[in-house]
Q: 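Have a look at the structure that comes next, please.
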Amino acid sequence: MKRTLNIDTIKKINEQILLKGWVHSIRTHGKITFIDLRDATGLVQVVFKGALDLKQEYIIEVIGEVKKRPENMINTEIKTGTIEIKADTINILSKAKPLPFPIDGDGYEINEKHRLKYRYIDLKRERLKNNLQKRFETISLIRNTLKEKSFIEIETPILTKSTPEGARDFVVPSRNFKGLFYALPQSPQQYKQLLISAGFEKYFQIARCLRDEDPRGDRQPEFTQLDLEIAFPESQDEIMNLIEKLFIKIVKELFEDKYITKIPFPKMTYKEAMEKYKTDKPDLRKNKNDENELAFIFITDFPMFEWKKEHNKWGAMHHPFTLPQEKDIDKIKAHPGNILAYQFDLALNGFEIAGGSLRTHNVSMLEACFEVMGHSKEEIKKQFKHYFDAFEFGIPPHGGIACGLDRFFAIAFNEKSIREVIAFPKTGDNKDLMINAPDKISKEQLKELGLK
RNA sequence: GGACCCGUGGCGAAAUUGGUUAUCGUACCUCCCUGUCACGGAGGGGGCUGCCGGUUCGAGUCCGGUCGGGUCCGCCA
């Protein structure tokens, strides 16, 4: 007999069927037992006459007949509440120990270390299942929408090279070249610009990014970005419009309960935002207690450089590839602090969810920006040779954006932490409590890698 | 790198502010129950109060350290 899904039982009244799933709960009344059977599609009540040695979370198969429930026994709480399964045979496919914590509520009250250690149990929880389902649907919509607009998704390497600017890198020792290291990508930034130079005029990627910094409620050491780049943008507005339309479509099609405070999204310069709100990611919701309100705002005209006290030098406020608004290289070098960039962020309810810019495609301008940040010409040619080479072989004017999808999901799903929208997140010190990573490796492995 | 908060049976909480036998809910085990859907009822087992040390006649409670988890600052091109 072919398996029937729980949700399809309502269409098979008086038919003999086979169900498979988890024992969600059992209610025994001596000679009659009720089982709430759970599968990916939901719950259905199974009735069995006779004794059963079943426990919660056992995985079973049930052969029986679908019966309409009498009016007074209908359960409106579940989708299959108008019927029940009169079971003839129940077979145990897998037994289960009692769970370390309950899975029926939203789980917020349970100490997170328990939930993270037994994440595969926590993920049985309906709330987390829904989060991952909705996450998938959103990413599917993004892919389909961009495909219709002639974008191509291209995977870029995970084993790449450490770069001097930016966050701390996760590094991977090379076996073939002892003493040398790969770095995991902080973003596909350089690769995507080189794809543009190759003639992929509209690129995107649902890209995993890795940064070895201390996490927060809205940060993880590895996270997912919608990374996107286009050749020949008319202006940065083209990129902003594209991403604005995409988010509006996502909210309208997938988040029916949500509404957007203002369309088109308001725009404000960095200077204005800092003066008015003292932050570059202001929360412009009219009612901050309304969890269905989504207040998007573009912040534009970021400074190109900022003074890094720690390193006692100028650094890029976003990244060194951003196009300055000043064309005169001498003026840039003379007063880096005064230079604005074609750089914009998208903020949502007080969180930065995307950063985009036009990129510099002129080699001498690029060199100047690196020089301001204290890199010698030799150093630049060494660290970014591929990049400068590619530019010298010709690269169109281009620009793009990177959206932190985990943050968007956390806001869209009303979650306080992005850990709630990631299947297997890490702790505040970047540990995976479930799989116990990071961990030691064997002496043989160390030796092979030339590390000891 | 820094600041703050939390840690009590598997899980979630309580313990009159230092007082003698650590309480409750749930989960678990045994039994009863043919209409429950958070089923109900009866009984039972399970704790060196994260760990180490100190103060005290006496510590779950106070102090110091340590381990684990969280929040924030730094950091996050």
Side-chain angles (χ1 to χ4, degrees), chain A residues 24-38 43-51 53 55-57 67 69-70 72-78 80-81 84 86 96-105 107-118 121-122 162-169 183 185-190 209-223 302 304-306 308-311 313-322 341 343 352 355 357 359 369-370 373 375 383-384 402 404 407 416-417 419 425-431 433:
Chain A
H24 190 68
S25 66
I26 317 162
R27 296 174 293 280
T28 307
H29 296 248
K31 294 195 179 72
I32 187 167
T33 299
F34 300 94
I35 301 158
D36 287 338
L37 186 73
R38 186 183 76 237
L43 296 176
V44 69
Q45 175 164 277
V46 174
V47 191
F48 186 77
K49 282 183 186 169
D53 188 22
K55 284 167 197 168
Q56 221 183 73
E57 293 305 304
K67 289 285 182 194
R69 294 200 200 183
N72 58 334
M73 290 177 197
I74 287 173
N75 181 357
T76 52
E77 298 292 312
I78 60 173
T80 59
E84 63 188 10
K86 207 181 138 204
K97 289 199 292 187
L99 300 184
F101 49 78
I103 55 164
D104 52 356
Y108 292 120
E109 73 286 356
I110 299 164
N111 192 319
E112 218 176 333
K113 64 183 165 190
H114 300 127
R115 295 180 50 212
L116 290 175
K117 181 173 178 190
Y118 299 99
I121 291 170
D122 201 34
S162 181
T163 49
E165 295 291 325
R168 205 173 286 123
D169 290 306
Q186 299 182 22
S187 105
Q189 182 67 30
Q190 293 184 49
C209 304
L210 300 109
R211 297 175 188 175
D212 188 8
E213 299 292 349
D214 293 344
R216 291 282 189 281
D218 65 345
R219 287 193 333 216
Q220 280 274 298
E222 51 181 310
F223 57 99
F302 277 80
M304 179 71 203
F305 304 102
E306 65 182 344
K308 305 268 186 186
K309 274 181 262 172
E310 289 227 340
H311 304 103
K313 68 181 190 79
W314 290 103
M317 189 137 181
H318 278 80
H319 57 67
F321 319 116
T322 302
Q343 166 74 45
E352 179 196 328
S357 70
R359 326 296 189 189
C369 291
F370 274 97
M373 295 184 295
H375 297 277
Q383 289 281 358
F384 292 93
R407 268 186 205 167
K416 284 205 178 77
S417 161
R419 292 187 294 273
K426 293 189 173 55
T427 63
D429 48 3
N430 291 348
K431 259 191 299 193
L433 290 180

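Numbered from 1 within each chain, the chains take letters A, B, ... in sequence-line order.
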Q: Distance check, C1' atoms only: B:rG9 and B:rG1, in whole angstrom units.
A: 39 Å
Q: Pairs under 3.5 angstrom, nitrogen or oxygen only, protein versus nucleotides 1-8 of chain B, please.
A:
residue, atom, partner, partner atom, Å
B:rG1, O6, A:Asp214, OD2, 3.2

Q: Would you mind reading off the distance between A:Lys309 atom NZ and B:rC75 atom C1', rounded to a whole angstrom?
A: 13 Å
Q: What interatomic distance, in whole Å, is found between C1' of B:rC28 and the corresponding atom of B:rG45?
A: 9 Å
Q: Under 3.5 Å, side-chain donor or acceptor atoms of residues 209-217 of chain A against the rest of the protein: list the pairs with distances, not counting sequence neighbours.
A:
residue, atom, partner, partner atom, Å
A:Arg211, NE, A:Gln186, O, 3.2
A:Arg211, NH2, A:Gln186, O, 3.1
A:Glu213, OE1, A:Arg168, NH1, 3.4
A:Glu213, OE2, A:Arg168, N, 2.9

Q: List in chain and number order the residues that pass side chain to side chain donor-acceptor pair (under 3.5 Å) with A:Glu112, two or more places apart in sequence or in another chain; answer none if no residue qualifies.
A: A:Arg419
Q: What is the distance from CD of A:Glu109 to P of B:rG70, rounded to the nearest Å?
A: 17 Å
Q: Check the distance between B:rC28's C1' and A:Asp53's CG and give it to me in whole angstrom.
A: 14 Å
Q: Can you identify which nucleotide, out of B:rC11, B:rG69, B:rC37, has its nearest atom closest to the A:Phe101 side chain?
A: B:rC11
Q: What is the nucleic acid contact for A:Thr33, judged by heavy atoms within less than 4.0 Å: base, sugar-phosphate only, or nothing?
A: nothing
Q: Quick one: on RNA chain B, does A:Gly428 or A:Arg69 contact a more 5' nucleotide (nearest heavy atom)?
A: A:Arg69
Q: Could you measure between the two C1' atoms, the one in B:rU49 and the one in B:rA59, and give it in whole Å?
A: 11 Å
Q: At what distance, to the nearest 0.5 angstrom, does CG of A:Leu37 lie from CG of A:Leu43?
A: 8.0 Å
Q: So A:Gln56, base contact, sugar-phosphate only, or nothing? Heavy-atom distance under 4.0 Å.
A: nothing
Q: For B:rG7 versus B:rC75, give the span between their P atoms, rounded off to a whole number of Å.
A: 32 Å
Q: Do A:Arg27 and A:Gln45 meet the criterion of a side-chain donor-acceptor pair at a distance under 3.5 Å?
A: yes
Q: In Watson-Crick or G-U wobble terms, both distances under 3.5 Å, what is the partner of B:rC4?
A: B:rG70
Q: Can you tell me, in whole Å, how much space there is between the P of B:rG25 and that of B:rG43?
A: 12 Å
Q: With a 4.5 Å heavy-atom cut-off, do A:Ile121 and A:Ile103 have their side chains touching?
A: yes
Q: Please determine whether a side-chain nitrogen or oxygen atom of A:Arg27 lies at a distance below 4.0 Å from atom OP1 or OP2 of B:rC39.
A: yes
Q: Expressed as a whole number of angstroms, how long is the span from A:Ile110:CD1 to B:rU26:C1'?
A: 11 Å
Q: Taking the basic N atoms (NZ, or NE/NH1/NH2) and the acidic carboxylate oxygens, is any pair closer than 4.0 Å for A:Glu57 and A:Lys97?
A: no
Q: Could you check whether A:Asp218 gets within reach of a base, just the sugar-phosphate, or nothing at all, counting any heavy atom under 4.0 Å?
A: nothing
Q: With P as the reference atom in both, quote the distance from B:rU55 to B:rU16 in angstrom, rounded to an integer.
A: 25 Å
Q: Classify the side chain of A:Arg115 versus the base of B:rC11 as yes if they form a donor-acceptor pair under 3.5 Å and no if they do not.
A: no
Q: With a non-hydrogen cut-off below 4.0 angstrom, is A:Leu43 in contact with a base, only sugar-phosphate, or nothing?
A: nothing
Q: Can you name the ring-ring contact (aromatic ring centres under 6.0 Å, His included) partners of A:His319, sequence neighbours left out?
A: A:Phe321
Q: For the pair made of CG in A:Asn72 and P in B:rC37, what is the distance, rounded to whole Å?
A: 13 Å
Q: For B:rG40, which nucleotide in any strand shown is its Watson-Crick or wobble partner with both distances under 3.5 Å?
A: B:rC32
Q: Using side chain to side chain donor-acceptor pair (under 3.5 Å) as the criterion, list what pairs up with A:Asp218, not counting sequence neighbours.
A: none
Q: Could you work out the separation of B:rG18 and B:rC11 based on their P atoms and round it to a whole Å?
A: 28 Å
Q: Identify the two heavy atoms, one from A:Thr33 and one from A:Gly50, that lie closest to each other, and give their separation to 0.1 Å.
A: OG1-O, 3.8 Å
Q: Got a list of protein N/O to nucleotides 32-34 of chain B N/O distances below 3.5 Å?
A:
residue, atom, partner, partner atom, Å
B:rC33, N3, A:Thr28, O, 3.3
B:rC33, N3, A:Gly30, N, 3.3
B:rU34, OP2, A:Lys31, N, 3.3

Q: Can you tell me, in whole Å, how much space there is between the C1' of B:rA27 and that of B:rC48?
A: 23 Å
Q: Measure from the ring center of A:His375 to the ring center of A:Phe384 and say whether it is less than 6.0 Å.
A: no
Q: For A:Gly315 and A:Lys431, take the nucleotide of RNA chain B holding the closest heavy atom to each; which residue's nucleotide lies nearer the 5' end?
A: A:Lys431
Q: Does the side chain of A:Phe370 reach to within under 4.5 Å of the side chain of A:Gln383, using non-hydrogen atoms?
A: no
Q: Can you check B:rU17 for me, syn or anti if syn means within 90° of 0?
A: syn
Q: What does A:Gln220 touch in the nucleic acid at a heavy-atom separation under 4.0 angstrom: a base, only the sugar-phosphate, or nothing?
A: nothing
Q: Counting just side-chain N and O atoms, does A:Arg419 come under 4.0 Å of either OP1 or OP2 of B:rU71?
A: yes
Q: B:rC76, B:rG35, B:rA27: which one has an atom nearest the side-chain heavy atoms of A:Gln45?
A: B:rG35
Q: Starting at NZ of A:Lys55, measure out to CD1 of A:Ile26 and round the result to the nearest 0.5 Å.
A: 9.0 Å
Q: Answer yes or no: does a side-chain N or O of A:Lys55 lie under 4.0 Å from OP1 or OP2 of B:rC29?
A: yes
